[in-house]
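We number each residue from 1, following the sequence as shown.
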Amino acid sequence: MSYNKWKFSITLLFVIISWSAIAQDQFISLKGGLNITKIQSDGLFSPNDARKGFIAGVGYEYHLGTGIFIGADLLYNQRGYTIDAYLMSDNGSNIKEKVTFEYDYNYISLPLKVGYKSGSTKISAFGNVGLVPSLLVYAEITEPSLGELLEGENYYYHQKGK
């Protein structure tokens with residue numbers, strides 16, 4: 001092993017030892033899971049189908065020693081929803097076809113939180129409060145081409161059951 005590689009290895013070992021010595025109050029975590037987003041509204045957007053996406057990222061917590069901790073996460077978050085609408089003529093009859101609108105939004109989120117933890121090391125209870133600033137990084141809206149469906153007639157969107 002060359003001198004530089006050996007020097008780097010020793011330095012890295014000391015950094016790891018130092019990190020584990022201060023890591024009693026600091027926690028880094030990987031986060032991930034399923035995200036189901038659905039909007040609730042009276043009118044055109046209700047009822048709708050939820051979008052199933054994923055959420056993944058890293059988290060950091062610093063415990064202040066009295067059960068109180070502060071933390072932040074950096075997350076990639078997929079959200080959105082789907083709406084099915086039906087085309088109807090002026091007189092309310094002649095449902096021609098179902099059309100689907102899809103709304104997909106992806107965010108980078110930075111949840112900032114303060115929390116409290118109580119209990120033993122095996123079983124504990126905790127709670128968090130905070131805010132979640134998010135940056136929209138991707139948006140896609142898929143709408144049907146209605147020109148061919150309407151064929152010069154006046155049609156309106158109508159949701160099933162309304």
Side-chain angles (χ1 to χ4, degrees), residues 1-86 98-144 146 157-162:
M1 185 187 308
S2 72
Y3 176 73
N4 286 337
K5 288 183 181 178
W6 185 79
K7 186 178 174 181
F8 176 77
S9 298
I10 295 295
T11 304
L12 184 61
L13 179 64
F14 282 123
V15 168
I16 292 171
I17 291 170
S18 299
W19 184 264
S20 65
I22 63 169
Q24 300 293 326
D25 298 331
Q26 301 181 49
F27 297 92
I28 297 174
S29 60
L30 296 176
K31 299 184 178 226
L34 176 67
N35 186 7
I36 300 174
T37 304
K38 184 172 180 171
I39 63 169
Q40 191 69 30
S41 171
D42 293 332
L44 182 62
F45 297 112
S46 180
N48 65 74
D49 292 327
R51 177 185 182 200
K52 294 170 186 76
F54 75 92
I55 185 167
V58 296
Y60 172 79
E61 287 183 359
Y62 180 74
H63 290 247
L64 301 173
T66 59
I68 297 173
F69 60 90
I70 56 175
D73 300 332
L74 183 62
L75 304 171
Y76 181 78
N77 191 356
Q78 292 183 322
R79 297 185 174 268
Y81 55 94
T82 301
I83 299 171
D84 291 330
Y86 298 86
K98 176 178 88 167
V99 293
T100 301
F101 297 84
E102 294 180 26
Y103 300 87
D104 296 330
Y105 305 107
N106 298 345
Y107 297 91
I108 297 290
S109 300
L110 182 68
L112 305 171
K113 59 191 173 192
V114 175
Y116 181 77
K117 179 181 175 183
S118 67
S120 67
T121 57
K122 291 185 178 185
I123 297 178
S124 62
F126 65 92
N128 295 317
V129 295
L131 50 111
V132 184
S134 297
L135 174 67
L136 179 65
V137 293
Y138 174 81
E140 181 179 18
I141 299 172
T142 305
E143 298 176 337
L146 300 177
Y157 292 116
H158 177 72
Q159 289 192 312
K160 194 174 186 178
K162 296 262 179 189

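- A 4.5 Å side-chain heavy-atom check between Arg79 and Asn35 finds at least one atom pair inside the cut-off.
- A donor-acceptor contact closer than 3.5 angstrom is absent between the side chains of Asp104 and Tyr138.
- In this structure, CD in Glu61 is found 11.0 Å from CD1 in Ile28, a value given to the nearest 0.5 Å.
- Other residues, nucleotides and ligands place more than 12 heavy atoms under 6.0 Å from the NZ atom of Lys113.
- One distance of note links CD1 of Ile123 with OG of Ser118; it measures 12.0 Å at 0.5 Å rounding.
- In plain terms, the two heavy atoms of Gly80 and Arg51 that are nearest each other are O-CB, 3.2 Å.
- With sequence neighbours left out, the side-chain contact (heavy atoms from CB on, under 4.5 Å) criterion links Thr66 to Ile68.
- Interatomic distance, Tyr103 OH to Thr82 OG1, rounded to the nearest 0.5 Å: 10.0 Å.
- Looking at heavy atoms from C-beta onward, Tyr76 lies in side-chain contact with Asn106 at the 4.5 angstrom threshold.
- Listed by chain and number, the residues in a side-chain contact (heavy atoms from CB on, under 4.5 Å) with Leu30 are Val58 (sequence neighbours excluded).
- Ring orientation note: the planes of Tyr105 and Tyr107 are tilted relative to one another, at an angle of 30° to 60°.
- In this structure, Glu102 and Glu140 have side chains that are not in contact, with every pair of non-hydrogen atoms separated by 4.5 Å or more.
- The nearest pair of heavy atoms linking Leu34 to Gly53 is CD1-O, 3.3 Å.
- Considering only heavy atoms from C-beta on, Asn128 comes within 4.5 Å of Phe69 through its side chain.
- Closest of all the heavy-atom pairs between Gly59 and Asp73 is CA-OD1, 3.1 Å.
- In this structure, CG on Leu112 lies 5.5 Å from CG on Leu131, to the nearest 0.5 angstrom.
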